[in-house]
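Residue indices begin at 1 and follow the sequence shown. Remember, predicted model here, so these are calculated numbers, not experimental data.
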Amino acid sequence: MWGLGLVLQRSDDARLLHDGRASTFHEAILWHGGEALDARRRYEALSENEQDALIHFLKLL
């Protein structure tokens, strides 16, 4: 995940996920299902401040 934060910084039209359907980290997380469904549900259970802190952390990578 090294450099992940640079993806959105370097392009006004950056896309995330293997098929590019997400334009934000929040969207990318919410699109996850299958094996990642539990992780998505834990993210959804976080408070807004906790979600913001996690997104901030991802932008630092």
Side-chain angles (χ1 to χ4, degrees):
M1 291 178 57
W2 187 265
L4 183 63
L6 296 176
V7 170
L8 297 180
Q9 289 178 10
R10 293 191 174 194
S11 173
D12 292 334
D13 191 30
R15 305 306 290 174
L16 302 168
L17 296 178
H18 66 279
D19 58 3
R21 63 186 150 165
S23 61
T24 67
F25 292 127
H26 179 77
E27 280 183 11
I29 293 167
L30 295 181
W31 272 108
H32 277 80
E35 292 179 0
L37 181 58
D38 186 52
R40 186 187 85 202
R41 286 182 176 156
R42 287 188 308 229
Y43 172 79
E44 292 172 320
L46 296 173
S47 70
E48 185 176 340
N49 286 340
E50 291 169 325
Q51 288 181 6
D52 290 345
L54 178 60
I55 298 300
H56 177 74
F57 169 75
L58 292 174
K59 290 177 179 179
L60 295 175
L61 296 179

Point to revise | Sequence-distant partners of Arg42, side-chain hydrogen bond (donor to acceptor under 3.5 Å, both in side chains), two or more places apart | key: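 Arg42 satisfies side-chain hydrogen bond (donor to acceptor under 3.5 Å, both in side chains) with Asp38 once adjacent residues are dropped.
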
Open item on the list: Nearest 0.5 angstrom please: Leu58 CG to Ile29 CD1, how far?
Closed with: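 Going from CG on Leu58 over to CD1 on Ile29, the span is 6.0 Å.
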
- Message: Going by the rule ring pair (Phe, Tyr, Trp, His ring centres under 6.0 Å), which residues pair with His32 if we only count those two or more places apart in sequence or in a different chain?
- Response: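 Result, ring pair (Phe, Tyr, Trp, His ring centres under 6.0 Å) vs His32: none returned.
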
Item to complete: Could I get the full list of salt bridge (charged side-chain N to carboxylate O under 4.0 Å, His left out) partners for Glu44, not counting sequence neighbours?
Response: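 Once residues adjacent in sequence are excluded, the partners of Glu44 under the salt bridge (charged side-chain N to carboxylate O under 4.0 Å, His left out) criterion are Arg40.
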
Quick note, salt bridge (Lys or Arg N to Asp or Glu O under 4.0 Å) partners involving residues 21-37, not counting sequence neighbours, are Asp19-Arg21

Exercise for review: Would you list the pairs meeting ring pair (Phe, Tyr, Trp, His ring centres under 6.0 Å) in which at least one residue belongs to residues 36-61, sequence neighbours left out?
Suggested key: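 Applying ring pair (Phe, Tyr, Trp, His ring centres under 6.0 Å) to every pair that reaches into residues 36-61, excluding sequence neighbours, yields His26-Tyr43.
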
